[in-house]
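Step one of this worksheet: look at the structure below.
No experiment lies behind these values; they were computed from the predicted model shown. To find a chain, count down the sequence lines: A is the first, B the second, and so on, and within it residues start at 1.
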Amino acid sequence: MCGRYSITTAPEAMRHLFDVETGLNLEPRWNMAPTQAAPVIKLMTEGPARGHRVLAMMRWGLVPSWAKDTDIGVKMINARAETVDEKPAFRGAYRYRRCVIPADGFYEWRTEGKVKQPYRVVRRDRAPFGFAGLWELWEGTGEGSALETFTIVTTDATESIAHIHHRMPVMLFDRDAFATWMGPDKDAAGQLMLPCDPGLVEAYPVDRRVGNVRNDDAGLVEPITPKPKPPKPMQGSLF
DNA sequence: CCAGACGTTGTT
DNA sequence: GTCTGG
DNA sequence: CCAGACGTTGTT
DNA sequence: GTCTGG
């Protein structure tokens, strides 16, 4: 699945790749976590700019419009591609509010013996990409409580990373895919919800510090070389 | 009809 | 074990 | 997703 | 809001 990712791409490169203007001052994020505000590309749904692409900061964890409070969002950080067209929590967003979340890697944890080892999944060419996402507007009760939130669509893991984890986010690799995903044709968008070509991605182990959301620095994306096990002390004496 | 859920992952 | 915070 | 808390009373 | 369970 996808519960942590990175987006360190320079704003200028993001504007170019996603064809969207932004006045936002985007700092690199090596450790984006649920409930945090992340840059998301959507189409304006109303007003004179209707249909235009915009980059907005949204909270990760979709809060449906009918929710009494925003707590439910924590449980909605991912949406299964297989059921996104049916589930009450996602159906409306899937039909009308598909979005693209800029990223340049995501993290998956694998339990290895006693430790949970994090891996970072990236494109083999190290280029940024987009996650297929859905967004919602939650207006709450009072004035000024409006909140935009998003979720990341997941599918089966592609073969090259399946040894780490059996699910992965739906990845969009180029401008055509971004346009189709956000476009009006729901069924065309649905065709994109597949595991990616295994040749396009790879995974490598990273520092376990990424587990703590308070850590957010460039060291988190550096490959680590697994520590060799300390040699066992000699049992008995040879002499 | 009303009440209550509405989600995913991983593990057993 | 389960919930909350980030 | 993981990490870290998980509680109350009274006193300062 | 809308679906499911009873």
Side-chain angles (χ1 to χ4, degrees), chain A residues 1-7 27-40 45 57-98 101 103-122 131-141 146-147 149-158 161-171 193 195 203-217 219-221 224:
Chain A
M1 52 121 51
C2 181
R4 217 69 78 76
Y5 68 94
S6 60
I7 175 60
E27 296 295 326
R29 294 296 312 276
W30 296 273
N31 196 5
M32 186 72 78
T35 75
Q36 296 180 347
V40 174
T45 51
M57 298 302 288
M58 297 189 195
R59 197 180 92 160
W60 186 6
L62 187 141
V63 178
S65 55
W66 41 259
K68 290 186 191 70
D69 58 60
T70 64
D71 292 354
I72 194 171
V74 183
K75 302 175 185 174
M76 310 267 189
I77 64 171
N78 294 132
R80 290 176 63 85
E82 296 88 337
T83 54
V84 81
D85 203 8
E86 309 154 15
K87 295 288 185 182
F90 299 130
R91 204 176 59 170
Y94 176 62
R95 202 171 299 177
Y96 300 114
R97 290 176 299 281
R98 297 183 299 277
I101 299 109
D104 59 6
F106 61 92
Y107 300 98
E108 300 284 9
W109 280 259
R110 181 169 74 151
T111 303
E112 299 174 350
K114 291 170 191 164
V115 304
K116 278 185 131 174
Q117 178 60 50
Y119 287 78
R120 182 167 184 250
V121 180
V122 293
F131 293 130
L134 312 174
W135 69 276
E136 270 288 358
L137 174 65
W138 182 82
E139 299 188 83
T141 43
L147 181 71
T149 61
F150 73 95
T151 190
I152 296 173
V153 179
T154 63
T155 184
D156 283 325
T158 194
I161 58 171
H163 60 292
I164 306 298
H165 207 75
H166 71 108
R167 301 287 291 176
M168 70 180 292
V170 172
M171 298 173 72
M193 297 195 295
Y204 61 87
V206 293
D207 197 309
R208 285 163 60 195
R209 286 191 311 115
V210 75
N212 191 327
V213 300
R214 285 174 230 268
N215 295 323
D216 188 21
D217 58 80
L220 301 182
V221 302
I224 59 160

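Classification of the A:Tyr5-A:Phe131 ring pair by plane angle, with boundaries at 30° and 60°, yields perpendicular.
Of all the heavy atoms in A:Pro64 and A:Ile72, the pair that sits closest is CD-CG2, 3.7 Å.
A:Lys87 places its NZ atom 21 Å from the P atom of E:dG1, with the value rounded to the nearest Å. Put simply, CZ on A:Arg209 is 17 Å from P on D:dC2, counting in whole angstrom units. Here the P atom of nucleotide B:dT8 and the OH atom of A:Tyr94 are 14 Å apart, to the nearest Å. The CZ-P distance, from A:Arg59 to C:dT4, rounds to 13 Å in whole Å. Rounding to whole angstrom units, CG of residue A:Asp71 and P of C:dG6 are separated by 13 Å. The separation between A:Leu62 atom CG and B:dT8 atom P is 11 Å, rounded to whole Å. The distance between atom CZ of A:Arg110 and atom P of B:dT9, rounded to the nearest whole Å, is 19 Å. The distance between atom CD1 of A:Ile152 and atom C1' of D:dC1, rounded to the nearest whole Å, is 10 Å.
One donor-acceptor pair, N or O on each side, does fall under 3.5 Å between the base of C:dG6 and the side chain of A:Thr35.
Closest to the side chain of A:Met76, from the set B:dG7, B:dT8, C:dG6, is B:dG7. In this structure, of C:dG6, B:dG7, B:dT9, it is B:dT9 that holds the atom nearest to the side chain of A:Arg80. The side chain of A:Trp109 approaches D:dC2 more closely than any other nucleotide in the set D:dC2, B:dG7, B:dT8. Nearest nucleotide to the A:Trp66 side chain, out of B:dT9, D:dC1, B:dC6: B:dC6. Here D:dG4 is the nucleotide among D:dG4, B:dG7, C:dG6 with the atom lying nearest to any side-chain atom of A:Asn212.
Looking at heavy-atom distances under 4.0 Å, A:Tyr107 makes no contact with the nucleic acid at all. If you check every strand for non-hydrogen atoms under 4.0 Å, A:Pro64 touches nothing. Using a 4.0 Å heavy-atom distance criterion, A:Arg4 is classed as a base contact. Nucleic acid contact class of A:Thr154 (heavy atoms, under 4.0 Å, all strands): sugar-phosphate only. Among the atoms of the strands shown, none is found under 4.0 Å from any heavy atom of A:Ala67. Contact annotation for A:Ser65: no contact, since no heavy-atom pair falls under 4.0 Å across all strands.
On the C1' atoms, E:dG1 is 36 Å away from B:dT12, given to the nearest whole Å. Remark: the separation of the P atoms in B:dT8 and D:dC1 is 12 Å, to the nearest Å. For the C1' atom pair drawn from D:dC2 and B:dT9, the interatomic distance equals 13 Å after rounding to whole Å. For B:dA5 and C:dT4, the P atoms lie 16 Å apart once the distance is rounded to whole Å. Taking the P atoms as reference points, B:dA3 lies 31 Å from D:dG7, given to the whole Å.
Between A:Arg91 and E:dC3 there is a side-chain N or O to OP1 or OP2 distance below 4.0 Å. In this structure, A:Lys116 reaches the D:dC2 phosphate: one of its side-chain N or O atoms is under 4.0 Å from OP1 or OP2.
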- Query: How far apart are the C-alpha atoms of A:Arg167 and A:Asp156, what are their side-chain angles, what is the distance that settles it, and do they pass the salt bridge (Lys or Arg N to Asp or Glu O under 4.0 Å) test?
  - Reply: CA-CA 4 Å; A:Arg167 301 287 291 176; A:Asp156 283 325; 3.2 Å; yes
- Task: For the pair A:Arg29 and A:Ser6, evaluate side chain to side chain donor-acceptor pair (under 3.5 Å) and give the outcome as yes or no after the intermediate values.
- Result: CA-CA 6 Å; A:Arg29 294 296 312 276; A:Ser6 60; over 6 Å; no
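Between the CZ atom in A:Arg120 and the CZ atom in A:Arg4 there is a gap of 14.0 Å [rounded to 0.5 Å].
Nucleotide C:dT4 forms a pair with D:dA3, judged by Watson-Crick or G-U wobble geometry with both contacts under 3.5 Å. For B:dT8, there is no paired nucleotide, since no Watson-Crick or G-U wobble pair has both relevant distances below 3.5 Å.
Geometric assessment of A:Arg98 against the ring of A:Tyr96 yields a negative cation-pi assignment under the 6.0 Å and 45° thresholds.
For the pair A:Val153 and A:Leu134, the minimum side-chain heavy-atom distance is below 4.5 Å.
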